[in-house]
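Here the structure comes first, spelled out in C-alpha cells, and everything after it is commentary.
Each chain gets a letter, A, B and so on, in the order the sequences are listed, and its residues count up from 1.
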Amino acid sequence: MNNKKIIIGVSGGVDSAVSMKLLKDQEYNVEAIFMKNWDEDDTIDVCTVKEDLVYVEDACNKLSIKLHTVNFSDEYWNNIFLDFLEKYKKGHTPNPDILCNKYIKFKVFIEYAEKLGANKVATGHYAKIVENNGTFFLERPKDKKKDQTYFLHTLDQNQLSKIIFPLSNFYKSEVKKIAKSCNFASYNRKESMGICFIGNKKFKKFISNYINNMPGDILDDNENILGTHKGIFYTTIGQREGIGIGGIKNKKNLPWYVYKKDLVNNKLYICQGNNNKLLLHNKLKINDMHVIQGDTNTILNKRLECQIRHLGEKHQCFINKTTDNSFFVESFLPFKSPASGQSLVIYENEKCLGGGIITNV
RNA sequence: UGGGCCGUCGCCAAGCGGUUAAGGCAUCGGGUUUUGAUCCCGACAUACGUAGGUUCGAAUCCUUCCGGCCCAG
C-alpha cells in the first residue's frame with residue numbers, strides 16, 4: 001500500500017474532496033496539499049484562503065488524510081503574474097489559469113510531491129488521461145458540461161504520466177452525492193470562480209491597481225466618437241459590459257461590443273449587435289503551439305476541432321503552418337470575438353491535442 | 001427679430017384626451033462559467049421642461065415662460 005503514495009492538490013471545493021475519497025477507496029496512500037499561490041494581503045479584500053482551508057481540513061479529517069500546506073506565491077508571481085501583467089499592458093487578454101496549471105499545479109506541485117515520496121499526483125479536475133503503449137493522451141471527461149481540458153492543454157507527456165484525475169468518469173451530480181454521503185462541509189458550497197487569486201467580480205478594480213488606465217475615445221467603425229472609456233486595459237474583445245454607451249439617435253437598439261483596441265492612440269472601437277461581422281473571424285494566427293503527443297506536424301492539414309474558450313463553441317478547423325513558424329487556424333464557422341492572448345485548444349474527437357495562443361486575427 | 005419644430009427614466013424612443021406612461025441601450029442585483037468575456041434572469045419614471053387654464057378626466061387640447069433645433073435675416 002505504501003508504494004501507492006499519491007499527493008492530491010485540494011482547494012476546499014467538493015471536487016477535490018471527493019477525489020480524495022475516491023483515491024482512498026482505491027487504496028492509495030493519500031496525502032493532501034493545499035497550495036497558497038497568492039499573498040492575500042495584496043488582494044482587494046475578501047480573503048477566501050482561510051475559509052478554503054476550513055473546508056479542506058474538514059474533508060481531510062473525515063478521511064483521515066494528512067494535510068500539507070505550501071506557499072507557492074513566489075513561483076506564481078514570477079511565472080504567471082508578471083507575464084499576465086506584461087500581456088495586459090500590451091493589450092492582450094491572457095489566461096492565467098492555464099499558466100497556473102502549467103507552471104504551478106503540474107510543475108512546482110509535482111516536484112514538491114516527489115520530494116514527499118510520491119510518484120503520482122491528483123487533482124479534482126474534470127478531465128481524463130488515457131495511456132496507450134506508454135503514450136499518454138488527454139481526453140474530455142465523462143461530464144461534458146464540466147470539461148476542463150481547455151485549461152489543461154499545455155500538459156506534456158512527463159506531466160500526464162504522473163497525474164490521476166479521479167473525476168474523469170463522474171458527473172458533477174454524482175460528485176455532489178458522494179460529498180453529501182461523506183458529510184463533507186463543502187457538499188453544497190457555492191463554486192468559487194474567477195481567477196484564483198482575485199475571486200469573483202473584482203477584476204477591473206484589481207487590474208487597475210497594477211496598470212494605469214487613461215481615459216480615451218470610444219468610436220464606431222466610421223470613426224465617429226461615441227463616448228469616453230475609462231481605460232483601454234479594462235476591456236477585452238467582445239466585451240459588452242462597462243462600455244456605458246446608451247441609446248444613440250439614428251442607431252439601432254442593440255448593445256455595443258468592443259471589436260478593436262488601438263493601444264497607440266488609446267482608442268476603443270465598438271460595434272452593435274452580438275453577431276456583428278466586425279466581431280467574427282474565420283482565420284486566427286496562433287503562437288506558442290504546444291502539442292501533447294508527437295510534434296506539431298501531426299496537427300496539420302486535417303479536419304480537427306477547436307475552441308477558443310472554456311466550454312466554448314466547437315469549431316471544425318484546419319491548421320496550417322505560416323512562414324514565420326506560427327500557425328493559421330481556419331474555421332468555416334466564424335470565431336466570435338477572439339481575443340489575442342487567449343488560448344485556442346485543439347481536439348480530435350475526445351482527445352485534446354494541445355493548443356496555442358491567439359496572436360492576431 | 002419674424003416663421004416653423006421640439007422638450008416623456010442617465011441615453012435613444014413609443015404614446016397624440018381615460019394606459020399599471022411601451023420597448024431598447026446604459027446601470028445595478030442575481031444565475032451560468034475555475035481566465036478575460038459572452039449568455040440568461042430580475043430590478044429600474046405616481047412621472048411626462050415650467051406656470052396657469054379647458055375638461056368628469058391631460059404627457060396628450062389652449063396660453064405663459066424657460067430651454068434646444070431649423071429656416072428666414
Separation of the [atom1] atoms in [N] and [M], to the nearest angstrom:
| N | M | atom1 | result |
| --- | --- | --- | --- |
| B:rG7 | B:rC16 | C1' | 15 Å |
| B:rU8 | B:rC69 | P | 15 Å |
| B:rC70 | B:rA37 | C1' | 44 Å |
| B:rC65 | B:rU19 | C1' | 30 Å |
| B:rU32 | B:rC39 | C1' | 8 Å |
| B:rA14 | B:rU20 | P | 22 Å |
| B:rA47 | B:rG4 | C1' | 29 Å |
| B:rG53 | B:rG17 | C1' | 15 Å |

Beyond-backbone contact of A:Lys128 with A:Glu350, side-chain heavy atoms, under 4.5 angstrom = no
query = Less than 4.5 Å apart, any side-chain heavy atom of A:Pro141 and any of A:Lys172?
reply = no
[N] pairs with which nucleotide, Watson-Crick or G-U wobble, both distances below 3.5 Å?
| N | answer |
| --- | --- |
| B:rG42 | B:rC28 |
| B:rA37 | none |
| B:rC56 | B:rG18 |
| B:rA72 | B:rU1 |
| B:rG7 | B:rC66 |

Given atom [atom1] of [X] and atom [atom2] of [N], what is their separation to the nearest angstrom?
| X | N | atom1 | atom2 | value |
| --- | --- | --- | --- | --- |
| A:Gln307 | B:rU35 | CD | C1' | 14 Å |
| A:Tyr210 | B:rG36 | OH | P | 16 Å |
| A:Leu99 | B:rU35 | CG | C1' | 10 Å |
| A:Leu311 | B:rG36 | CG | P | 14 Å |
| A:Glu86 | B:rG36 | CD | C1' | 18 Å |

inquiry  = Under 4.0 Å, heavy atom to any atom of RNA chain B: which of residues 259-266 of chain A qualify?
reply    = none
With heavy atoms under 4.0 Å as the rule, sort [X] into base, sugar-phosphate or nothing.
| X | result |
| --- | --- |
| A:Lys87 | nothing |
| A:Ile243 | sugar-phosphate |
| A:Gln342 | base |
| A:Ile98 | nothing |

remark   = Per-nucleotide protein contact along nucleotides 5-12 of chain B, 5' to 3', at a 4.0 Å heavy-atom cut-off (B base, S sugar-phosphate only, - neither), is -----BBS
ask   = Going 5' to 3' along nucleotides 37-44 of chain B, which nucleotides have protein heavy atoms under 4.0 Å from the base (write B), which only from the sugar-phosphate (write S), and which from neither (write -)?
value = BSS-----
ask   = What pairs with A:Asp25 under side-chain hydrogen bond (donor to acceptor under 3.5 Å, both in side chains), at least two apart in sequence or on another chain?
value = A:Lys21
query = Got a salt bridge between A:Lys277 and A:Asp221, using NZ or NE/NH1/NH2 to carboxylate O under 4.0 Å?
reply = no
ask   = Hey, is A:Lys107 close enough to A:Glu75 for a salt bridge, meaning N to O under 4.0 Å?
value = no
Distance-only polar pair, side chains of [X] and [Y], donor-acceptor under 3.5 Å:
| X | Y | answer |
| --- | --- | --- |
| A:Asn188 | A:Lys180 | no |
| A:Lys321 | A:Asn325 | no |
| A:Asn266 | A:His229 | yes |

ask   = Can you list every salt bridge (charged side-chain N to carboxylate O under 4.0 Å, His left out) pair that touches residues 249-262 of chain A, not counting sequence neighbours?
value = A:Asp220-A:Lys251
task = Find the distance between CD (A:Glu139) and NZ (A:Lys351) and round it off to the nearest 0.5 Å.
result = 5.5 Å
ask   = Nearest 0.5 Å, what's the NE2-CG distance between A:His290 and A:Asp156?
value = 5.5 Å
query = Which other residues belong to the hydrophobic cluster containing A:Tyr55, where Ile, Leu, Val, Met, Phe, Trp and Tyr are joined when side-chain heavy atoms lie under 4.5 Å apart, directly or via other members?
reply = none
query = Under 6.0 Å between ring centres, would you say that holds for A:Phe81 and A:Phe84?
reply = yes
